[in-house]
Amino acid sequence: MTQPAENKTWRKGGFANTVLWGGLVFLYAPMVILMLYSFNASKLVTVWGGFSFKWYGELLHNDSLLDAIWTSLQIAFFTASAAVLLGTMAALIMTRFGGFKGRTLFTGMITAPLVMPDVIIGLSLLLLFVQMASSFGWPADRGMVTIWIAHTTFCSAYVTVVVASRLRELDQSIEEAALDLGATPLRAFFLITVPIILPALASAWLLAFTLSLDDLVIASFVTGPNATTLPMKVFSSARLGVSPDVNALATVIILTVSLVVLLAWYISRRAERKRLRVDI
Amino acid sequence: MISLIRQLMTGRFWLIAAPYTWLLLFFALPFAIVLMISVSTAAFSVPPYEAVFSYADQQLKILLNLGNYSFLLDDPLYYLAYWGSIKMAFFATILTLLLGYPMAYAIAQAPQKNQTVLLLLVMLPSWTSFLIRIYAWMGILSNEGVINGLLQAMGLIDEPIQMLNTNFAVYVGIVYAYLPFMILPLYANLVKLDSTLLEAASDLGARRFTAFWRVTLPLSKNGIIAGSMLVFIPVVGEFVIPELLGGPDTLMIGTVLWAEFFGNRDWPVASALAIIMLVILLIPIMLFHRYQSKSLEASS
């Protein structure tokens, strides 16, 4: 398509463009309002009592909250790492392996977690852990390890989708050339494929990390008395209504996650451009 | 036998076996256990149900208690909760589609260099916390919230309008939270659309709306199905949104299941609720699976 034609269609989609900008306002306005109110000095959420950082200061002295943040970060880190490992294997199987016995079941188990309601995943995994504990004594206590297993299971599905879409568009002739020149499949994968799909692996890791950090329902089912995650803390105070310290906490979370995602996006875009330049 | 041994020696076998085993153990097997617990009997013990299989005096006893299911059929609460969830998910999906389709269309039509930025803008909120974005609406919709405050300040209303803790708030929350999941597959579909088809249609005298209705829309069918299923299926089991934004009128199966499990500690009934929800969602999940596995396998 030539450039002028592209511009013409862009101008022509007047209605769609209006909806797009309206939709973006709809997506961002609630978060902006929430952030503004986190600087409200008044204890009454809706009355503006002047600009203040005091709710942020109070967060730093809330030990149980800091504990929950640390627990969530640890779980998210190990979840993202394991999910990238499992999900990349699954993506390779989906894109490079052709048919094998049980492929249909495999695809089903990889795609179903994307849509399966959280309450079902949470309940079913909890019942599994309870049954395992009564059958052979493990896991004796539920907590971070059981949350990690549950999160890894559903995050792998997302990783598979991200990595598989990158693997599909990859030029397979480079891999084949390496194999023809005598590299073992394992060597070819780590020396050729991994460096090329590294940006996709990084964004899949980040996606799994944020998904794990955000999950309330599944973690609530599979946790034990000793592990409280950040979403559980947020939920139990949000249930009681809007409060300024939750607003402050929410602002910190939104800004941190957005900053990291934007940074990752910027880096991967630069890497992508460099790659395209090298290709030419 | 020899071929089996040879298979065991290859890396290919182990590469498939590792994720396969993980998924069988932590995704497929749990469903079998839910099915089993759903026919067990609730008890005051740890865990709070009686074993379905017991073995004593060389007798294997299997005790299937179908009472949990007949209990669900007898009490209209459960029937109404399923119906409420399906209705809510259906209308919310349509609303999300009506808002998401033009947005995806506009992004797909935008100049190439703007597309990635627009897509990032749409996806960025879904990377930040789902829970917090729902919580944000509590402050906006409540009686002392931003909207009511604004309307009262302008003198349009005297009494605040009750918006929080109504089905309206739940709809807003669902559309808000799930919009990116609708837009992404629609965009992926629309951006691949061959623009020469539209040019051919306009050459043959079709007006823009006719061309859209008869060419673009039918060709984006797969994107519509994928996006709608990505919204509909999880919303049927949604817990956080009805719990935080819903009110006494909001009856959804996710919150009922949660209450049975955490409140009543009736694990068998919660399991039976989950099994019935799965049966209801079976066809939508298969629809989604067909689309997703096509897009996972289709290699260039």
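We name chains A, B, ... by the order of the sequence lines, and we start the count at 1 in each one.
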**Q.** Heavy-atom check, side chain of B/Leu23 versus side chain of A/Ser156, under 4.5 Å
**A.** no
Q. Under a 4.5 Å heavy-atom cut-off, does chain B meet the side chain of A/Val115, its backbone, both or neither?
A. both
Q | A/Phe15 side chain reached by B/Tyr105 side chain, heavy atoms, under 4.5 Å | A | no
Q) Is it the side chain or the backbone of A/Ser220 that comes within 4.5 Å of chain B heavy atoms, both, or neither? A) both
Q: Over 60° means perpendicular and under 30° means parallel, so classify the ring planes of A/Phe129 and B/Phe26, tilted if in between.
A: tilted
Q: Please tell me if the side chains of A/Val119 and B/Phe261 come closer than 4.5 Å, counting only heavy atoms from C-beta onward.
A: no
Q: Output the option from B/Leu35, B/Leu121, B/Val231 having the highest count of non-hydrogen pairs under 4.5 Å with chain A.
A: B/Leu121
Q. Does the side chain of A/Leu125 come within less than 4.5 Å of B/Phe27's, by heavy atoms?
A. no
(Q) Could you tell me if the side chain of A/Met116 sits less than 4.5 Å from the side chain of B/Ile233, heavy atoms only? (A) no
Q: Flag the one option from A/Leu105, A/Asp215, A/Asp118 with the top tally of heavy-atom pairs under 4.5 Å to chain B.
A: A/Leu105
Q.
When you compare the side chain of A/Leu207 with that of B/Trp127, does any pair of heavy atoms fall below 4.5 Å?
A. yes
**Q.** chain B contact via A/Ile33 - side chain, backbone, both or neither, heavy atoms under 4.5 Å
**A.** side chain
Q: Tell me, for B/Phe181 versus chain A, whether the close heavy atoms (under 4.5 Å) come from the side chain, the backbone, both or neither.
A: neither
Q. Side chain, backbone, both or neither: which part of A/Leu206 has a heavy atom under 4.5 Å from chain B?
A. both
**Q.** Region of A/Val246 in contact with chain B, defined by heavy-atom distances below 4.5 Å
**A.** both
Q: Answer yes or no: is there a side-chain heavy-atom contact under 4.5 Å between A/Phe106 and B/Pro19?
A: yes
Q.
Taking side chain as everything from C-beta outward and backbone as N, CA, C, O, which of these in A/Leu34 sits under 4.5 Å from a heavy atom of chain B? Side chain, backbone, both or neither.
A. side chain
Q) Just how far is it from atom CD of B/Glu243 to atom CG of A/Leu216, taken to the nearest 0.5 Å? A) 9.5 Å
Q) Does some side-chain heavy atom of A/Val130 sit less than 4.5 Å from a side-chain heavy atom of B/Tyr49? A) yes
Q) Are more than 12 heavy atoms from other residues, nucleotides or ligands located less than 6.0 Å from atom CZ of A/Arg187? A) no
(Q) Please identify, among B/Leu131, B/Val34, B/Leu24, the residue contributing the most non-hydrogen atom pairs under 4.5 Å to chain A. (A) B/Leu131
